[in-house]
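Notes follow the structure.
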Amino acid sequence: MARPVLVPVLGDQLTRNLASIRGRTKDDTVILMMEVWDEATYVRHHKQKIALIFSAMRHFAAVLRDAGWLVDYVRLDDEGNSGSFTGEVARAVERHDPCAIHVVEAGEWRVQQAIEEWPDKFDCEVEILPDDRFIASIAEFREWAEGRDTFRMEFFYREMRRKTGLLMDSDKPEGGEWNLDKQNRESPDDEMDPPERAKFEPDEMTCDVVSLVKDKFGDHFGSLETFNWPVTREEAEEAADRFFAERIEKFGPYQDAMVHGQDDLYHSMLSTSINLGLLDPLDLCQRAEKAYRDGKAPLNSVEGFIRQLIGWREYVRGFYWYFMPGLESDNKLNAQRGLPEFYWTGETDMRCMADCIRSTRENAHAHHIQRLMVLGNFALLAGINPREVQDWYLVVYADAYEWVELPNVAAMILYADGGKLASKPYAASGNYINKMSDYCRECRYSPSKKTGEDACPFNPLYWHFMDRHRELLEQNHRIGRIYSTWDRMDEARRQDYLDSAEAFLDTLTPAAKTWARNE
Ligand code: FAD
Ligand code: DLZ
Ligand code: SF4
């Protein structure tokens with residue numbers, strides 16, 4: 001081979017349709033894949049997350065090789081592994097003497113900063129290509145955002161509907177409304193009987209990786225025994241087929257429902273595969289639309305699913321790149337409390353929190369409303385420091401990459417950006433959780449008790465939050481009215497709320513920082 005082009009493929013870029021692979025010829029290309037210590041340890045990822053990424057990477061390398069590509073695959077325990085992407089590209093440059101390096105931009109700021117140094121480091125042309133697996137490029141989001149004070153997903157989403165033509169009736173939204181979220185708030189009930197999602201037995205390659213993870217990362221958070229994620233495109237497609245055949249119909253109505261011990265409900269459980277590159281989000285949306293057009297799923301379910309993908313997912317990615325690096329350190333509410341230890345152990349009497357943390361530990365997954373209205377709501381109300389909450393979410397979910405985790409955590413749940421993303425904080429008392437779940441029935445706390453030792457902690461914490469952020473939130477027209485309710489309570493009642501909240505907060509033990517990061 002004459003001097004080849006070196007194509008580094010990162011762990012979340014696992015598709016042959018990647019801009020750096022597509023259109024290249026096999027006889028002048030070396031694809032480089034790297035398991036590196038830096039990525040595996042910049043936070044102490046859930047064991048399943050590391051196993052998933054390494055297994056999917058190894059399977060993808062095998063597929064490429066079978067198709068005739070030359071793949072230079074560096075394993076974590078290979079002798080001489082430098083531990084970093086840049087170090088491994090440097091070693092690969094020595095091995096292959098490439099005429100050029102073609103790489104697709106990284107998903108995360110940290111890695112992109114390193115890649116942008118490559119042109120100065122390596123004595124060959126370095127081309128950094130846009131990641132066109134997203135519907136909106138980073139530049140397109142920037143253009144949309146420029147000059148705005150607030151950045152509501154809803155308006156961006158409409159642009160994406162027009163751009164893709166999804167659920168459009170010429171230039172109008174199918175059915176007359178853009179967003180059918182109001183129809184998607186059913187409480188759990190006896191009608192619910194979600195079929196089991198597709199689960200995959202680990203094959204030999206995954207078992208090897210699981211052993212590696214046990215050996216090197218055995219003290220990280222989370223179970224490994226329950227690993228059943230799709231690790232190849234075929235498996236991911238099978239999981240998607242099952243979702244479209246069995247679950248999408250009720251995806252919409254029960255999108256916000258929560259049931260103790262039922263971890264998937266009607267959610268697609270496809271985020272890990274989409275984020276790795278095993279599934280194409282636009283293709284999934286087209287399949288969802290087809291289910292609607294064929295009369296197999298109602299519009300509210302299909303619109304809801306499509307909105308998550310071309311609305312929220314695209315939007316948070318654009319938001320991330322628009323506001324980085326500042327987003328990482330935003331703390332508009334000056335939240336300073338340490339993350340409670342129970343986020344790692346699950347040892348709390350709050351049944352909702354305990355169940356969401358159990359699912360997180362067992363599956364490296366919790367569904368959206370658990371992440372938002374239980375785990376996130378608690379962190380918001382209790383005033384947990386954003387950096388610690390960000391680290392937790394980045395560690396514990398198998399689908400967590402900073403570009404998607406950070407806007408959801410800093411801006412959506414913690415309001416740390418001061419309202420650029422959300423028009424108001426997603427703060428809620430125990431009432432909301434009681435309405436949307438069966439958690440409260442057997443909880444040691446009572447959602448109807450407002451104060452005192454047996455009151456659901458979300459109740460006093462809600463008012464404690466509102467009271468301590470009055471100056472900022474009173475001016476917000478979507479939330480300001482709540483203060484007239486507060487002011488109508490007599491002084492003793494208000495004090496009771498504040499004292500109950502304080503008493504509860506005093507019981508929290510802060511977690512050791514070493515759960516999330518190596519010292
Ligand atoms: P479904 O409910 O079936 O939704 C379909 C798809 O829509 C998902 O697979 C996902 O790709 C996309 N989606 C839905 N909501 C969002 C959203 N808010 N932002 C971006 N994409 C969305 N998702 C991640 O992929 N990685 C994360 O690290 C992550 N962190 C989150 C942190 C918090 C605090 C919150 C509130 C949400 C977070 N989400 C994250 C979004 C969402 O919770 C997950 O995408 C979803 O639970 C994945 O399960 P699913 O595939 O069954 O999703
Ligand atoms: C998350 C992760 C982990 C744990 N390990 C690796 C790895 O060893 N090699 C790799 O290519 N990618 C890994 N990843 C995913 C990267 O962090 C991901 O590609 C970044 O988001 C890129 O910005
Ligand atoms: Fe959660 Fe409160 Fe309900 Fe208990 S009573 S499950 S703490 S919302």
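We're numbering straight along the sequence, starting at 1. Counting convention: from 1, in listed order, for ligands and their atoms alike.
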For F85, is at least one N or O under 3.5 Å away from an N or O on ligand 2? no
Of R307, M412, R371, K49, the one whose closest heavy atom lies nearest atom 40 (C) of ligand 1 is R371
Please determine, by modelled atom types, if R313 and N275 share a side-chain donor-acceptor pair under 3.5 angstrom. yes
Below 4.0 Å from ligand 1: does a non-hydrogen atom of H365 turn up there or not? yes
R75 vs N81 side-chain heavy atoms within contact, under 4.5 Å: no
Check whether any side-chain heavy atom of V395 lies under 4.5 Å from a side-chain heavy atom of W344, and answer yes or no. yes
Find all atoms of ligand 1 within a distance of less than 4.0 Å from any non-hydrogen atom belonging to I274, and give their numbers and elements. 9 (O), 11 (O)
Between A366 and ligand 1, which part of the residue brings a heavy atom under 4.0 Å of the ligand: side chain, backbone, both or neither? backbone
For L270, take its heavy atoms, then give the atoms of ligand 1 lying under 4.0 Å from any of them. 51 (O)
Side chain, backbone, both or neither: which part of I413 comes within less than 4.0 Å of ligand 1 when only heavy atoms are counted? side chain
Going by atom types alone, do Q113 and E117 pair a side-chain donor with an acceptor below 3.5 Å? no
Report the part of F54 (side chain from C-beta onward, or backbone N, CA, C, O) that has a heavy atom under 4.0 Å from ligand 2; answer both or neither where that applies. side chain
Between F134 and W403, is there a side-chain heavy-atom distance shorter than 4.5 Å? yes
for atom 43 (O) of ligand 1, nearest protein heavy atom and its distance come out as H368 ND1, 3.2 Å
For atom 45 (O) of ligand 1, what is the nearest protein heavy atom, given as residue, atom name and distance? S271 CB, 4.0 Å
Quick one, W37 with F217, criterion ring-ring contact (aromatic ring centres under 6.0 Å, His included). Give me CA distance, side-chain angles, the key distance, then yes/no. CA-CA 11 Å; W37 197 254; F217 310 103; 5.2 Å; yes
Closest to atom 20 (C) of ligand 2 among E402, E108, R110 (heavy-atom distance): E108
Above 12 or not: heavy atoms from other molecules or residues under 6.0 Å from NZ of K450? yes
Any idea which protein heavy atom is nearest atom 15 (C) of ligand 2, and the distance to it? Y401 CE2, 4.1 Å
Atom 22 (C) of ligand 1: nearest protein contact (heavy atom, Å): Q308 O, 3.8 Å
Which atoms from ligand 2 have a heavy atom of L10 less than 4.0 Å away? 11 (O), 19 (O), 22 (C)
Top protein contact for atom 25 (O) of ligand 1, by heavy-atom distance: N275 ND2, 2.9 Å
Starting from atom 26 (N) of ligand 1, locate the nearest protein heavy atom and write down its residue, its atom name and how far away it is, to 0.1 Å. D399 O, 2.9 Å
Check the side chains of E35 and Y73 for a donor-acceptor pair under 3.5 angstrom, ignoring hydrogens and angles. yes
One finds that the ligand 2 atoms under 4.0 Å from a non-hydrogen atom of H45 are 4 (C)
N/O/S from C443 sitting under 2.8 Å away from atom 3 (Fe) of ligand 3: no
Looking at atom 18 (N) of ligand 1, what's its closest protein heavy atom, distance included? N408 OD1, 2.9 Å
Do ligand 1 and M269 have nitrogen or oxygen atoms that lie under 3.5 Å from each other? yes
For ligand 1, the portion of L394 having any non-hydrogen atom under 4.0 Å away: neither
Is the distance from the ring center of F458 to that of Y445 below 6.0 Å? no
If only side-chain N and O atoms count, and only distance matters, is there a donor-acceptor pair under 3.5 Å linking S359 with N363? yes
Side chains of S448 and S446, donor plus acceptor under 3.5 Å: yes
Side chain, backbone, both or neither: the part of Q13 lying under 4.0 Å from ligand 2 by heavy atom: neither
Can you find an N or O of V36 that's nearer than 3.5 Å to an N or O of ligand 2? yes
V111 contact mode with ligand 2 (heavy-atom cut-off under 4.0 Å): side chain
So which of L76, L394, D38, I53 gets nearest to atom 1 (C) of ligand 2, if we judge by its closest heavy atom? I53
Return yes if a side-chain donor-acceptor contact under 3.5 Å exists between D355 and Y439, otherwise no. yes
Nearest neighbour in protein (non-hydrogen) for atom 3 (Fe) of ligand 3: C440 SG, 2.3 Å
For atom 1 (Fe) of ligand 3, the closest protein heavy atom turns out to be C352 SG, 2.4 Å
Correct closest heavy-atom pair for E347 and F342 would be O-CB, 3.3 Å
min-distance protein heavy atom vs atom 28 (O) of ligand 1 -> A400 CA, 3.1 Å
Side chain or backbone of F305 under 4.0 Å from ligand 1, or both, or neither, by non-hydrogen atoms? side chain
Decide yes or no for D399 and H365: does some side-chain heavy atom of the first lie under 4.5 Å from some side-chain heavy atom of the second? yes
Tell me whether F251 reaches ligand 1 (any heavy atom closer than 4.0 angstrom to a ligand atom). yes
Counting heavy atoms only, which of D131, D12, V43, L52 comes nearest to atom 18 (C) of ligand 2? D12
Sub-4.0 Å atoms of ligand 3 with respect to non-hydrogen atoms of M350: 7 (S)
Closest to atom 2 (Fe) of ligand 3 among protein heavy atoms sits C456 SG, 2.3 Å
Is there a side-chain contact between R197 and R247 in this structure, where contact means two heavy atoms from C-beta onward sitting under 4.5 Å apart? yes
Could you check which of L372, L309, V409, D263 puts a non-hydrogen atom nearest to atom 6 (C) of ligand 1? L309
Side-chain heavy atoms of F151 within contact of Y322, under 4.5 Å: yes
How are the rings of F251 and F243 set relative to one another: parallel (under 30°), tilted (30 to 60°) or perpendicular (over 60°)? perpendicular
S301/Y266 under side-chain contact (heavy atoms from CB on, under 4.5 Å): CA gap, chis, key distance, verdict: CA-CA 10 Å; S301 283; Y266 295 96; over 6 Å; no
Counting only N and O atoms by type, is there a donor-acceptor contact under 3.5 Å from the side chain of R44 to the main-chain atoms of D219? yes
At a 4.0 Å threshold, what atoms of ligand 3 neighbour a non-hydrogen atom of Y439? 6 (S)
Run the numbers for me: atoms of ligand 3, each under 4.0 Å from some heavy atom of I433, listed by number. 8 (S)
Which residue and atom name correspond to the protein heavy atom nearest atom 7 (C) of ligand 2, and how close is it? M34 O, 3.6 Å
With a 4.5 Å limit on heavy-atom distance, are the side chains of Q390 and E405 in contact? yes
Answer yes or no: is there a side-chain heavy-atom contact under 4.5 Å between I384 and P340? yes
N or O pair under 3.5 Å between G11 and ligand 2: yes
Among M33, Q112, E39, closest by any non-hydrogen atom to atom 4 (C) of ligand 2: E39
When you compare the side chains of T226 and Q48, does any donor N or O come within less than 3.5 Å of an acceptor on the partner? yes
For atom 2 (O) of ligand 1, closest protein heavy-atom neighbour: H267 ND1, 2.8 Å
